[in-house]
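Everything below concerns the one structure shown next.
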Amino acid sequence: MNAERNKSEISAWIKHRSVELGFAGCGIAEAAFLSEEAPRLGKWLKSGMHGEMGYMANYNEKRLDPRKLLEGAKSVIVFLYNYYPEESLDETNNYILSKYAYGEDYHFVIKEKLGLLISGLKEKVGPIEARTFVDSAPVLERAWAVRAGLGWIGKNAHLISPKNGSFFFLAEIITDLELDYDIHKSNDLCGTCRNCIDACPTKAIIAPRVIDARKCISYLTIELKNEIPAEFSGKLENRIFGCDICQDVCPWNNFSKPHREDRFRPHPKLLDFSKTNWENLTPEQFNDIFEKSAVKRAKYTGLTKNIDFIKEGK
Ligand code: SF4
Ligand code: SF4
């Protein structure tokens, strides 16, 4: 088999296997320096918009060049994994969790699947170097998704897939295997829409595709370890872990289809959780309900701090 044919067949096999594993999208880009993103990232960091997320300012060489994350890297394979729920938890007069945090921690669910894909790939092509990333290391995931032809970055700074909207986790395999690369279409289909900018309760989208993380509810409720500044009192719209508002109002999410991942279903106890339950949450209940959840990241003290902040700001 000639090398070109081999590359195409292996690339097609990866995409086929990704569908079998439940991924909703898979694209492949050539590993290279992200020259367009480098000045944008530099400007954003210089302005301090990353707030307390000091890790964002580290490892920039690696963040901008996958060959610094894996020696000899040739390809970045990008995957989309749907987390759009069949039904939202009750949001009427209730505290709200971001949809991505309803079920089991996506890091584990997706890493497992990428591990299976790499095992199969190694069986097919022999020894290769490959590293998996799920929101866990310095990788500019959205930039790679665009390069891999999976969509564009909307004004809300999320990756938008023209077929499926934006309720996806992004994950990558960086490998030294040379593959067929997808065509990078940078078509921005936001047009004149500005729903996300107008709907953001804290005005965190300061320009198309530029989020001041220090004002973003996701940052305030998950990343910020100190007290939430008083200027956000009454503005969190009951969000206690993350925020989906700029995705909920995006017309491209009218095309979202429910995921089929059992592990992303909410813990049964959350189904009838009311404001009173949240306000009386005990550490034991927290550990029970969120044992396998990404909400653990906020810890009991962080989650109750968010609840108290909203309650007091009523
Ligand atoms: S996640 Fe919420 S707070 Fe952050 S930019 Fe979107 S709408 Fe604004
Ligand atoms: S809400 Fe409108 S402007 Fe914002 S990302 Fe979606 S299409 Fe683009």
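Ligands are counted one by one from 1 in listed order, and the atoms in each one are counted from 1 as well. Positions are given from 1, in the same order as the sequence printed here. Because only heavy atoms are used, hydrogens play no part in the values below, and waters and symmetry mates are left out as well, while side chains stay in.
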Starting from [atom], which protein heavy atom do you reach first, and at what distance in Å?
atom: atom 7 (S) of ligand 1; value: C246 N, 3.4 Å
atom: atom 4 (Fe) of ligand 1; value: C216 SG, 2.4 Å
atom: atom 2 (Fe) of ligand 2; value: C193 SG, 2.2 Å

Can you list the ligand 1 atoms lying under 4.0 Å from a non-hydrogen atom of [X]?
X: I205; result: 5 (S)
X: C200; result: 3 (S), 5 (S), 7 (S), 8 (Fe)
X: I245; result: 7 (S)

[X] atom [atom1], over 12 foreign heavy atoms within 6.0 Å:
X: F108; atom1: CZ; result: no
X: R142; atom1: CZ; result: no
X: K163; atom1: NZ; result: no

Could you tell me if [Y] and [X] have a donor-acceptor pair between their side chains, going purely by distance under 3.5 Å?
X: H107; Y: D105; answer: yes
X: T221; Y: N306; answer: no
X: N164; Y: K257; answer: yes

Checking D176 side chain against E129 main chain: does a donor-acceptor pair fall under 3.5 Å?
yes

May I ask you to decide if S88's main-chain N or O and Y102's side chain share a donor-acceptor pair within less than 3.5 Å?
no

Report, in ascending order of atom number, the atoms of ligand 2 lying under 4.0 Å from any heavy atom of [X].
X: N195; value: 1 (S)
X: C196; value: 1 (S), 3 (S), 4 (Fe), 5 (S)
X: W252; value: 7 (S)
X: K155; value: 3 (S), 5 (S), 8 (Fe)

Would you say atom 6 (Fe) of ligand 2 has H158 as a near neighbour, meaning an N/O/S atom of that residue under 2.8 Å away?
no

Would you confirm whether the ring centroid of [Y] sits within less than 6.0 angstrom of the ring centroid of [X]?
X: Y83; Y: F169; value: yes
X: H259; Y: F264; value: yes
X: Y106; Y: Y100; value: yes

State if T202 counts as touching ligand 1 under the rule of any non-hydrogen atom under 4.0 Å.
yes

Between S166, C250, A199, G154, which one has a non-hydrogen atom sitting closest to atom 6 (Fe) of ligand 2?
C250

Heavy-atom proximity to atom 3 (S) of ligand 1, best of V249, I217, N156
I217

Quick look: D244 vs ligand 1, heavy-atom contacts under 4.0 Å, and the answer is neither

I need the contact type for L189 against ligand 2. Using non-hydrogen atoms and a strict under-4.0 Å cut-off, is it side chain, backbone, both or neither?
neither

Is the distance from atom 2 (Fe) of ligand 1 to some N, O or S atom of C243 under 2.8 Å?
yes

Counting backbone and side-chain atoms alike, does C190 have an N/O/S atom under 2.8 Å from atom 8 (Fe) of ligand 2?
yes

